[in-house]
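Here is the structure we will look at, set down as structure tokens.
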Amino acid sequence: MSLFLVNRYLGEEEDGSVSKETLSKALLAKLQKKAKEKQKRHSAKQREHLHEHPAEQVDAQKKRKADVDAGLEPQQHKKRHSETVASCSVEPVEETNIQHQEEIQSDILPESTTDTLPGFTLIGGFESKPVPKVDRVLPQWLAEPHVIHTDIKNNLISISDVPGLCAQLLKNLHSNGIQHFFPVQAEVIPAILESAQQGLLIGRGGYKPRDICVSAPTGSGKTLSFVIPIIQVLMDRVVCEVRALAVLPTKELAQQVHRVFASYAEGTTLKVVMLAGQKSFAAEQASLSEHRWNMRRSLADIVVATPGRLIDHMTKNSGLCLEHLRFLVIDEADRMIDSMHQSWLSQVMGAVYRSRAEPGSVFRRTEAACITSASLSPPQTPLQKLLFSATLTQNPEKLQQLGLHQPRLFSSTYGHADSAAASPTHGHDRFNFPQGLTEYYVPCTMSSKPLLLLHFILRMKLHPVLCFTNSRETAHRLHLLLQLFGGVQAAEFSSQLSPGDRKKTLKEFEQGKIQLLISTDAVARGIDISGVKCVVNYDAPQYIRTYIHRVGRTARAGKTGLAFTFLLRVQEKNFLQMVVKAGSPGIQKQVVKPENLRSMEGQYEKALQKLADVIKEERAS
Ligand SMILES: Nc1ncnc2c1ncn2[C@@H]1O[C@H](COP(=O)(O)OP(=O)(O)OP(=O)(O)O)[C@@H](O)[C@H]1O
């Protein structure tokens, strides 16, 4: 027995009284008639066309004349053409022409139904229709964030006005010179504290707390907005276990965040440990836990780590236990998403939910799934993810890789009622720039770049300058050249330096002993060096995120700063478009006249000649 019965409508004649042969003949006649009508329409159209294009008419006449010369009468010619068309149209089933197929279909359907039959779509309608532009529609949590002010100076909140902070923390804030919270801190600190109101073991009302994402400009104080509430919440713990893990992309950033955690944990019993390869593996292992009477005892409450070193410790079972983890901080989150191929997050999640506790114990943990009465019983220690970045992606697909649970977004990117362009439905990401930043671009040639840099330092006295190049080689050669030129205290910074040298160089730059630090993008992100007056992009950055992080090394914490980008003529158009699209408030042109550089040219030429010898020597050694 067949599952489906397909009844084809073959026209009004189909009442069983007419034979199949008669039906096919009638259908064939109908098709031929249609083809003739079509041919007539086609010829009429051609006549109209020739009337409008006389040149073509002349060609057609010439062609007809040629036919006549060849012994063909015009009438015959016409006949031959229509015969050809007719002979094609009598075999419609073999015909591959799509338009013919369409006609056959409209023949089989009753005429009145082809245009008007509601609820049916004719397959094979090949008319080209304009494709409507699809705007990006974001999920509600991304489209409607909690808005953070970008104007730091006019939106300071006294630290005593933020509820829930204990006396010890207030004391630590005072001793670090902090009387007021910045806008991002005033919004995010209470939100994290509120999510941990019920203590460490359960979220609010027994539910898992919502994850938190923060997108705020460079230098707006994002670090304290997670350090302060984490210390406040963990302060009441009884047993020492790793309950907070902060993951950062580089050693320098891990060191910086470790320093902040350690300084605010002072006066509490909390222990902060760093796993970033600054110490030997064994030393890091010893700082994580100890074994006494056959029992493991954790020595760390808060761990600050780079993903590589973290995975090392997890795979080598070095005593890092994440089964009690309450907060997972992912700083520079967009960069961390890019490094997700290393699967560090899935390994961390595996370690968090690999609970050895007995079923029914309050320490039992399962990953968030559908909320049912069974899944909420018994209550379990919740894990909350906290994401921070100045350039957090608004791409939901990328964010999905982080497995966020009912996320809340705090962002300064939207909420400009005056700016329609800030709408999240636009296809590209837009970011906020620090308010005190003034951006310039400087038209230049390859050979004028070093002289321009010298001009900014020696003539305009803009130091300390943080100068970015796109490669280690350029940073190294520029450093050598400026040393040979003399008169500038310069240093280079790249991943080629040893960790010790990197630390020393950054310290000296911060202390003002170095006027010009030439660096690769190794210090482009997150590094907080106070007093950088000016950032120079010696090489234009390729990506907008790189640009935002580089120029964000100045104009931090509500201060002012300058950013200059050297642009070759060929780079100007694309670069300026990229910066404007990303939401820059305006980048101005700064022209340095050649006569301003002329007095340095002689000394520069000599330095260049010496540089060739130095590089040769370096290569030989
Ligand atoms: N409430 C505050 N009062 C005074 N200074 C503050 C305050 N909060 C942060 N700062 C200072 O502001 C500077 C920038 O802070 P932080 O490094 O946290 O910025 P960020 O938003 O993380 O920047 P980036 O996106 O570049 O990493 C730091 O030097 C910090 O000490």
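This structure is a prediction, so every number in the text was calculated from the model and none was measured. Atoms within each ligand, like the ligands themselves, are counted from 1 in listed order. Excluded from the calculations below are hydrogen atoms, water molecules and symmetry mates; all remaining heavy atoms, backbone and side chain alike, are included.
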Q.
Only heavy atoms of Thr223, strictly under 4.0 Å: list the atoms of ligand 1 that pass.
A. 16 (P), 17 (O), 18 (O), 22 (O)
(Q) Using only atom types and a distance under 3.5 Å, with no angle test, would you say the side chain of Gln185 pairs donor to acceptor with the backbone of Phe182? (A) yes
Q. So, does Glu332 use its side chain to make a donor-acceptor pair with the main chain of Pro249 at under 3.5 Å?
A. no
Q) Taking non-hydrogen atoms only, is Ala216 closer than 4.0 angstrom to ligand 1 via side chain, backbone, both or neither? A) neither
Q | Atoms in ligand 1 flagged as close to Pro217, the criterion being non-hydrogen separation under 4.0 Å | A | 21 (O)
Q: Return yes if a side-chain donor-acceptor contact under 3.5 Å exists between His174 and Gln179, otherwise no.
A: yes
Q. Does the side chain of Tyr264 pick up a donor-acceptor pair with the side chain of Gln168 at under 3.5 Å?
A. no
Q | Ile178 and ligand 1 - part of the residue with a heavy-atom distance under 4.0 Å | A | side chain
Q. Heavy-atom contact under 4.0 Å between Ser220 and ligand 1?
A. yes
Q) Which ligand 1 atoms, with their elements, are less than 4.0 angstrom from a heavy-atom of Arg553? A) 26 (O)
Q. Among Arg556, Gln185, Lys222, which one has a heavy atom closest to atom 17 (O) of ligand 1?
A. Arg556
Q.
Apply side-chain hydrogen bond (donor to acceptor under 3.5 Å, both in side chains) to residues Thr469 and Asp539 and explain how you reach the verdict.
A. CA-CA 5 Å; Thr469 62; Asp539 292 327; 4.7 Å; no
(Q) Quick one: does any side-chain atom of Lys533 pair with a main-chain N or O of Leu562 as donor and acceptor, under 3.5 Å? (A) no
Q) N/O to N/O below 3.5 Å, does that happen between Thr218 and ligand 1? A) no
Q: Could you list the atoms of ligand 1 found under 4.0 angstrom from a heavy atom of Ala557?
A: 12 (O), 13 (C)
**Q.** Nearest-contact summary for atom 19 (O) of ligand 1 - protein heavy atom, Å
**A.** Gly221 N, 3.3 Å
Q) Within the distance-only criterion (no hydrogens, no angle test), does the side chain of Asn155 pair as donor or acceptor with the backbone N or O of Asp151 below 3.5 angstrom? A) yes
(Q) Just to be sure I read this right, does ligand 1 sit under 4.0 Å from the backbone of His180, its side chain, both, or neither, counting only heavy atoms? (A) backbone
Q.
Using a 4.0 Å cut-off to any heavy atom of Glu332, which atoms of ligand 1 qualify?
A. 27 (O)
Q | Exam field: side chain Gln347 to backbone Met314, donor-acceptor pair closer than 3.5 Å | A | no
Q. Quick one: does Phe181 get an N or O within less than 3.5 Å of an N or O on ligand 1?
A. no
Q) Tyr440 ring centre to Lys589 NZ or CZ under 6.0 Å, with the angle to the axis within 45°? A) no
Q: Compare Asp528, Leu156, Val184, Ile159 and give the one whose heavy atom is closest to atom 13 (C) of ligand 1.
A: Asp528
Q) Phe261 vs Phe226 aromatic rings, parallel, tilted or perpendicular, using cut-offs 30° and 60°? A) tilted
Q | Distance-only N or O hit between ligand 1 and Gly219, under 3.5 Å | A | yes
Q | Nearest neighbour in protein (non-hydrogen) for atom 10 (N) of ligand 1 | A | Phe182 CE1, 3.6 Å
Q.
Test your reading of the model: is there a side-chain donor-acceptor pair from Asp161 to the backbone of Ile157, 3.5 Å cut-off?
A. no
Q. What's the shortest distance from atom 27 (O) of ligand 1 to any protein heavy atom, and which residue and atom give it?
A. Gly526 CA, 3.3 Å
